Amino acid sequence: MNFSYEAQPMRVVFRPGASVSATAEEVRRLGLRRVLLVSGARGSDTARAVADSLGELCAGLHTEARMHVPVEVADRAVEVAREAGADGCVAVGGGSSIGLGKAIALRTGLPLIAVPSTYSGSEMTPVWGLTEHGAKRTGRDPSVLPRSVVYDPELTLSMPVPLSVTSGVNAVAHAVEALYAPDTSPLVSLMAEEGVRAMTAALPEIAAEPSSLEARGRALYGAWLCGSCLGATTMGLHHKLCHVLGGTFGLPHAETHTVVLPYALAYNAPAAPEAIGALDRALDTDNAPLALWTLSGKLGAPRSLAQLGLAEADLAVAAEQVAGQAYANPREVTHEGALAVLRAAFAGDTPRV
Ligand SMILES: NC(=O)c1ccc[n+]([C@@H]2O[C@H](COP(=O)([O-])OP(=O)(O)OC[C@H]3O[C@@H](n4cnc5c(N)ncnc54)[C@H](O)[C@@H]3O)[C@@H](O)[C@H]2O)c1
Ligand SMILES: O=C(O)CCC(=O)CC(=O)O
């Protein structure tokens, strides 16, 4: 064995009802007195309930989070945090709200508490993202890692089934790439395999019974594990494809991950036999890319980039952007290779290893 592993300093509270019953305790534990709550417009009712539970610890509610964190949205949020005299930030919502909280933390150094309502996994990572001039930039900085994460399966009950499925596959994608990342390690591999197993078992149950708190809890547990994997490792081809498709072409995040993952995995499979072995065990299959494609299709997720609104003419531009960046991937990414993955995902073909 040959690896290094750095544990991320954060506290996790996981229990139904915790968003309202435990967030104030986490704020006090960090010695904070005036936190700014951030959320998206659609999640503002939930964020308001959390704000009410904080009482005078809450310095204000800012409900302008948007997907992929446009830089002007980040600028405005930083201004609001400064004007409110906030000494910390609580992000309530999906990856977009947490992303905005991270943008505030990155610029101001304010500590962040995350209360996730989707399975994006962002709450477990020191990864930030910002979109400017039609391109998404990502980076790692310890200052954006939430100090505390409050997981409340009850918050996820309102997620519609289509978002639950695609958000769940977004989480699975973190585990998939962590398994073949250059900085993977035995602990990450264990978390990744268990995260994929938990999430992919929970999603069909959620689709059949969206109000099952038991299934929601197991999916959120999977999201925690998969997010932890992303936080501990370097992203590869799959995430880069999705960042280009989201940042440059405005495609929706979780849906894009869901469409692309089977093809990116099929491309990498010949160069990542151990990762494929772990995924085969987790999915109880001998063809992990096909199993992922079948699962999301059965649960009604979009199947192709064409369905998500990408134009065929954009494929070559996207391939050029992906192949033009240097990043870790188990298999060399050529322009032709990236284009082949994108073409298959555009058409929604059966993935071929
Ligand atoms: N930095 C990281 O580590 C990381 C990891 C994953 C995703 N992300 C980022 O997160 C963003 C995507 O996050 P997302 O997929 O969670 O989407 P999102 O946060 O944009 O949420 C999608 C939609 O669902 C709504 N929603 C959220 N929770 C809900 C709930 N419980 N019930 C009903 N509706 C709900 C939101 O209001 C929004 O309209 C992207 O910008 C992506 O880049 C970052
Ligand atoms: O915060 C970001 O936007 C970058 C990290 C990320 O998006 C992970 C993912 O693609 O799911």
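Whatever order the structure lists them in is the order used to number ligands and atoms, beginning at 1. All figures in this text were calculated on a predicted structure; none of them were measured in a lab. Position 1 is the first residue of the sequence; numbering continues from there.
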Close-contact set for ligand 1 against Gly94 heavy atoms, below 4.0 Å: 16 (O), 19 (O)

Which heavy atom of the protein is the closest neighbour of atom 6 (C) of ligand 1, given with residue, atom name and distance? Ser120 O, 3.2 Å

Find all atoms of ligand 1 within a distance of less than 4.0 Å from any non-hydrogen atom belonging to Arg42, and give their numbers and elements. 37 (O), 39 (O)

His243 contact mode with ligand 1 (heavy-atom cut-off under 4.0 Å): neither

If we number the atoms of ligand 2 from 1 as shown, the ones under 4.0 Å from a heavy atom of His257 are 9 (C), 10 (O), 11 (O)

Is the shortest heavy-atom distance from the side chain of Thr23 to the side chain of Val13 under 4.5 Å? no

Of all protein heavy atoms, the one nearest atom 4 (C) of ligand 2 is Thr138 CG2, 3.4 Å

Closest approach of any protein heavy atom to atom 23 (C) of ligand 1, naming residue and atom: Leu163 CD2, 4.2 Å

State whether the shortest distance between N or O atoms of Thr118 and N or O atoms of ligand 1 falls below 3.5 angstrom. yes

Starting from atom 18 (P) of ligand 1, what is the nearest protein heavy atom, named by residue and atom, and what distance separates them? Ser96 OG, 3.3 Å

For atom 7 (O) of ligand 2, the closest protein heavy atom turns out to be His243 NE2, 3.1 Å

Near His253, which atoms of ligand 2 are under 4.0 Å from a heavy atom of that residue? 7 (O), 9 (C), 10 (O), 11 (O)

Would you say Met67 has any N or O atom under 3.5 Å from an N or O of ligand 1, going by distance alone? no

Nearest 0.5 Å, please: how far is CD in Glu177 from NZ in Lys240? 9.5 Å

So, 4.0 Å and heavy atoms of Lys102: is ligand 1 close enough to count as a contact? yes

For atom 2 (C) of ligand 2, which candidate among Gly129, Ser167, Gly247, Gly121 provides the closest heavy atom? Gly129

For the atom pair CD (Glu26) and CZ (Arg11), what is the distance rounded to the nearest 0.5 Å? 4.0 Å

Do the side chains of Glu72 and Arg76 get close enough for a salt bridge, i.e. N-O under 4.0 angstrom? no

Does Lys136 reach ligand 2 with a nitrogen or oxygen that is under 3.5 Å from one of the ligand's nitrogen or oxygen atoms? yes

Is it the case that ligand 1 has an N or O less than 3.5 angstrom from some N or O of Thr125? yes

Here the gap from Glu214 atom CD to Ile206 atom CD1, rounded to the nearest 0.5 Å, amounts to 10.5 Å

Does Leu220 reach the side chain of Tyr119, with side-chain heavy atoms less than 4.5 Å apart? yes

Ligand 1 atoms nearer than 4.0 angstrom to some heavy atom of Val127 are 1 (N), 2 (C), 3 (O)

Answer yes if a protein heavy atom lies under 4.0 Å from atom 42 (C) of ligand 1, otherwise answer no. yes

